[in-house]
Amino acid sequence: MLWSKLFIPTLRENPAEAEVPSHQLLLRAGYIRQLSAGIYNYLFLAQRSLLKIQQIVREEMDAIGGQEMLLPALHPAEVWQESGRWDVMGDNLFKLKDRFQRDLCLGMTHEEVMTIIARGELRSYKQLPQIWYQIQTKFRDEPRPKSGLLRVRQFIMKDSYTFDMDQAGLDAAYDKHYQAYCKIFDRCGLEYTAVEAHSGAMGGSQSHEFMVASEAGEDFIAVCKGCGYSANLEKAVSKPSNPLTADIEGDLAPEEFHTPGRKTIAEVAQFTGLPESSQMKSLVLVADGKPVLVMLRGDHQLSEAKFGTLAGDPEFRPAHPHEIREWFGAEAGSLGPVGVKNMPIFADHALSGRRNMIAGANKDDHHLRHVTPGEDFQAEFRDLRVVAAGDLCAKCGGPLEIRKTVEIGHIFKLGYKYSDSMGLRVLSADGKEVTPIMGSYGIGIERILCAAIELYHDKDGMMLPASIAPFQVVVTPANNSDAAQMEAARHIYQGCRSLGLDALLDDRDERPGVKFKDADLIGVPFRIVIGKKLSSGMVEVVERKTRKTADVPVADAAAAVAQAFLPVSLAPVSPAPATEAR
RNA sequence: CGGGGCGUAGCGCAGCCUGGUAGCGCACCUGCCUUGGGCGCAGGGGGUCGGGCGUUCAAAUCGCCCCGCCCCGACCA
């Protein structure tokens with residue numbers, strides 16, 4: 001294509017509203033323009049790149065037997081009411097009414113619609129398993145869209161759904177997706193980590209998220225370099241670091257002491273001279289309308305996800321001050337487990353085996369020393385804390401690293417939630433009615449592009465992996481008024497095209513600096529520059545990412561670039577010898 | 001939904017406090033010049049100052065209300 005005919009509105013400066021690199025570069029490089037908060041126009045370059053990503057996804061989904069469908073974005077309310085999610089999803093679901101005042105919504109996912117198709121048509125075990133997928137726009141009324149295309153209200157998602165006769169079938173479908181996702185993200189050129197994920201209130205049995213490390217992300221994961229353990233922080237387990245001070249030995253009885261005005265763990269630690277790891281943190285939570293006391297080591301944080309799962313109520317809340325006063329007879333800053341009889345007590349594993357710690361006395365401005373879990377109070381020990389920096393791997397004891405990440409994919413063993421509640425039944429081989437088991441698997445298409453930009457950019461612009469860049473090569477004559485250069489550029493451009501390269505000819509009547517800057521910005525992996533060396537028959541091939549340049553005879557230029565793509569196009573696994581002909 | 005910030009030419013910003021002819025850089029158009037990293041010179045076009053109401057002889061500027069966007073938090077199948 002001829003750059004002079006294309007709409008690629010690059011910007012010299014960063015728009016003020018963009019903060020994260022991918023957002024800044026997508027705007028500057030002319031990929032996207034905003035229409036409204038969390039709603040973007042995908043211009044020519046973005047669309048090209050997104051189509052390439054979608055094609056990779058499509059090929060790998062097809063390879064595991066997936067069947068692509070196109071489903072409605074507009075759903076009648078009944079569909080969501082039937083599964084109960086019309087209310088559960090709350091304000092995140094875009095709701096609207098038609099001219100007859102019937103309730104409709106814009107689909108944020110397609111479990112219900114897929115299940116309706118399945119229950120209408122699937123009758124026999126002979127028709128299973130099935131893998132159905134779609135690549136299309138989803139809508140979520142995000143409370144706070146942000147970070148460019150990373151958190152938006154309208155986005156493209158690959159969603160697949162599997163239907164199997166039994167758990168073993170689901171396990172196989174899940175595994176197929178896991179493998180396919182690895183291939184997809186490999187082919188997209190991403191460095192990623194698959195982590196164990198929290199399955200949340202959905203009650204699914206297993207779930208993995210595919211994460212790309214980025215400061216622009218919103219999720220944290222814990223990773224062990226030693227044994228490869230990795231998990232979302234919502235789910236990650238660890239061995240706690242050792243307390244900073246060893247416990248006092250001996251069978252001592254709790255002893256009250258005066259702590260005027262000391263309410264926080266830090267204040268009590270300072271007052272007593274014992275570190276936070278020698279304190280106990282008491283949290284009063286209300287789950288399912290009932291109070292629960294949770295005990296943690298002073299320097300640990302409650303994992304809301306873990307507690308929500310344990311309590312069976314993800315909507316739990318901290319107790320109100322008046323409730324705490326009523327139940328404990330003291331303020332939140334002086335609470336402790338000793339003598340508590342009117343509610344269950346859960347204690348984090350990190351308190352197991354500890355002795356003679358400090359806790360609140362349930363009396364304002366007083367604490368207890370010499371409190372020993374299991375002796376001075378009884379509690380159910382559970383994993384309730386968030387993994388902290390410095391914790392050790394629960395499997396191998398190695399150090400755990402905590403990383404900020406962007407979620408690009410999620411695979412999920414749904415179980416029977418939809419098939420059961422929406423009445424999907426088939427007959428088994430022995431004539432019995434069986435409810436198929438389901439899985440659901442998502443990939444955020446735009447997030448792949450964003451993650452690639454977050455991973456691969458420099459001060460000059462994007463350095464997109466060739467497989468998802470909008471073009472593979474740009475041919476740049478340095479001086480348009482030099483007829484020989486233009487002629488050679490056209491010739492090389494045609495050569496690239498005939499070798500099957502996605503090529504762009506920068507025929508704009510601009511100074512070379514402008515063309516170079518723009519080519520760097522939009523992230524095309526290779527550039528062929530036709531300049532002064534043309535007089536000796538040579539042109540320059542430049543690799544965007546490495547800045548490596550090579551002088552090549554005019555006749556060989558296109559082939560030189562085409563050869564660089566051979567490893568990618570022929571063998572997606574790893575670099576192949578560059579000498580193999582195509 | 002709570003807290004903060006911003007809204008002036010396509011983009012980035014100044015002007016606002018202290019009311020008095022709406023500015024700068026880039027981009028854009030014309031011409032000349034130049035051609036290996038956003039070149040130079042000259043000329044030119046482009047504005048409901050987010051919207052409404054009010055105060056005033058006079059409002060981009062002061063007051064009230066509304067809208068939009070960004071950031072932090074809450075939220076996030």
Side-chain angles (χ1 to χ4, degrees), chain A residues 7 9-20 23-24 27-28 30 33-40 80 83-93 105 107-112 138-148 150-153 155 157 159 161 197-204 207 209 216-219 232 234 304-305 308 314-315 317-318 406-407 410 412 414 417-418 440-442 444 459-461 476-483 485-486 506 508-521 527-534 539-540 542 547 549 551:
Chain A
F7 178 59
T10 59
L11 300 173
R12 189 182 290 243
E13 290 166 291
N14 269 326
E17 71 266 19
E19 295 221 334
V20 304
H23 189 196
Q24 292 178 337
L27 286 167
R28 271 195 67 200
R33 286 295 184 263
Q34 185 174 39
L35 184 62
S36 178
I39 305 178
Y40 287 86
W80 288 72
S83 69
R85 295 210 294 175
W86 179 263
D87 295 318
V88 172
M89 290 297 108
D91 292 336
N92 263 21
L93 191 60
C105 67
M108 53 195 292
T109 171
H110 281 74
E111 278 86 356
E112 285 85 353
K138 312 268 172 166
F139 300 87
R140 290 181 195 181
D141 196 357
E142 288 288 343
R144 185 150 98 78
K146 61 174 187 174
S147 305
L150 278 173
R151 182 161 287 279
V152 287
R153 296 197 290 171
F155 57 97
M157 192 168 173
D159 239 358
Y161 302 91
H198 180 66
S199 23
M202 303 282 285
S207 167
E209 290 167 333
E218 299 182 288
D219 285 294
N232 191 304
E234 287 185 335
E304 298 183 10
E315 306 278 294
R317 63 171 173 87
V406 170
E407 178 187 351
H410 197 165
F412 197 84
L414 266 185
K417 179 178 165 67
Y418 297 91
S440 84
Y441 318 84
K459 64 175 173 47
D460 294 315
T476 309
N479 181 354
N480 275 35
S481 51
D482 183 323
Q485 283 186 20
M486 286 304 284
D506 193 351
R508 295 176 299 166
D509 189 14
E510 290 284 357
R511 294 179 60 85
V514 174
K515 299 189 196 183
F516 296 156
K517 288 284 185 193
D518 275 344
D520 287 350
L521 187 57
R527 187 172 81 219
I528 301 174
V529 183
I530 296 90
K532 288 185 179 131
K533 291 172 203 151
L534 183 65
V539 297
E540 195 173 83
V542 186
R547 300 282 191 201
T549 68
D551 289 336

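Computed from heavy atoms alone, side chains included, the values below leave out hydrogens, waters and symmetry copies. Residue numbers begin at 1 in each chain, while the letters A, B, ... track the order of the sequences.
- Distance noted for atom P between U34(B) and C41(B): 15 Å (whole Å).
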How would nucleotides 35-49 of chain B be written as a contact map, 5' to 3', with B for base contact, S for sugar-phosphate-only contact and - for no contact, using protein heavy atoms under 4.0 Å?
BBBBB----------
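- For Arg151(A) and C70(B), the CZ to C1' distance is 16 Å, given to the nearest whole Å.
- Residue Leu27(A) contributes atom CG, which lies 17 Å from atom P of G10(B) at whole-angstrom precision.
- To the nearest 0.5 angstrom, Glu142(A) atom CD is 9.5 Å from Arg153(A) atom CZ.
- What separates CD of Gln24(A) from C1' of C11(B) is a distance of 14 Å, to the nearest Å.
- Whole-Å rounding puts the Arg153(A) CZ to C69(B) C1' distance at 11 Å.
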Derivation of the side chain to side chain contact (heavy atoms under 4.5 Å, CB included) call for Arg85(A) and Met108(A):
CA-CA 11 Å; Arg85(A) 295 210 294 175; Met108(A) 53 195 292; 5.8 Å; no
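- Taking atom P on both nucleotides, C62(B) is separated from G20(B) by 11 Å, rounded to a whole Å.
- Surrounding CG of Asp551(A) are more than 12 heavy atoms belonging to other residues, nucleotides or ligands, all under 6.0 Å away.
- Atom CG of Asn14(A) is separated from atom C1' of C26(B) by 14 Å (rounded to the nearest Å).
- Between the NZ atom of Lys146(A) and the C1' atom of C69(B) there is a distance of 16 Å, rounded to whole Å.
- Between Gln34(A) and C70(B) there is a side-chain polar atom (N or O) within less than 4.0 angstrom of OP1 or OP2.
- Under the Watson-Crick and G-U wobble criteria, each requiring two contacts below 3.5 Å, nucleotide C32(B) is paired to G40(B).
- Note that CG of Asn479(A) is 9.0 Å distant from NZ of Lys532(A), once rounded to the nearest 0.5 Å.
- Note on Ser147(A): only backbone sugar-phosphate atoms sit closer than 4.0 angstrom, heavy atoms only; bases stay farther off.
- Between the CD1 atom of Ile39(A) and the P atom of C69(B) there is a distance of 9 Å, given to the nearest Å.
- Nearest-nucleotide assignment on RNA chain B puts the 5′-proximal partner with Leu35(A), out of Phe155(A) and Leu35(A).
- Leu534(A) CG to Gln485(A) CD: the interatomic distance, rounded to the nearest 0.5 Å, is 6.0 Å.
- Taking atom C1' on both nucleotides, A14(B) is separated from C33(B) by 32 Å, rounded to a whole Å.
- Look at the C1' atom in both U8(B) and G25(B): the space between them is 15 Å, to the nearest Å.
- Shown here, G7(B) forms a base pair with C67(B); the pair counts as Watson-Crick or G-U wobble because both key distances fall under 3.5 Å.
- Distance CG (Asp91(A)) to C1' (A74(B)): 13 Å, rounded to an integer number of Å.
- As judged by a 4.0 angstrom heavy-atom cut-off over every strand, Pro143(A) is placed among the base-contacting residues.
- In this structure Asp520(A) satisfies the side chain to side chain donor-acceptor pair (under 3.5 Å) test together with Arg527(A), Arg547(A), sequence neighbours excluded.
- Nucleic acid contact for Ser36(A): sugar-phosphate only, since backbone atoms but no base atoms lie under 4.0 Å from a heavy atom of the residue.
- Using atom C1' as the reference point in both G23(B) and A60(B), the two lie 12 Å apart (nearest Å).
- Distance check on atom C1': A27(B) versus G12(B) gives 11 Å, rounded to whole Å.
- Within the structure, a side-chain polar atom (N or O) of Arg144(A) is placed less than 4.0 Å from OP1 or OP2 of C72(B).
- In terms of modelled atom types and a separation under 3.5 Å, the side chain of Lys515(A) and the main chain of Pro477(A) share a donor-acceptor contact.
- In this structure, Gly442(A) and Asp159(A) approach most closely via the heavy-atom pair CA-OD1, 3.7 Å.
- In this structure, Trp80(A) CH2 and Glu111(A) CD are separated by 7.0 Å, a value rounded to the nearest 0.5 Å.
- Taking atom P on both C53(B) and C39(B), the two are 45 Å apart, rounded to the nearest angstrom.
- Only the P atoms considered, A74(B) is 27 Å distant from C66(B), to the nearest whole Å.
- In this structure, Glu13(A) reaches the bases: a heavy-atom distance under 4.0 Å links it to at least one base atom across the strands shown.
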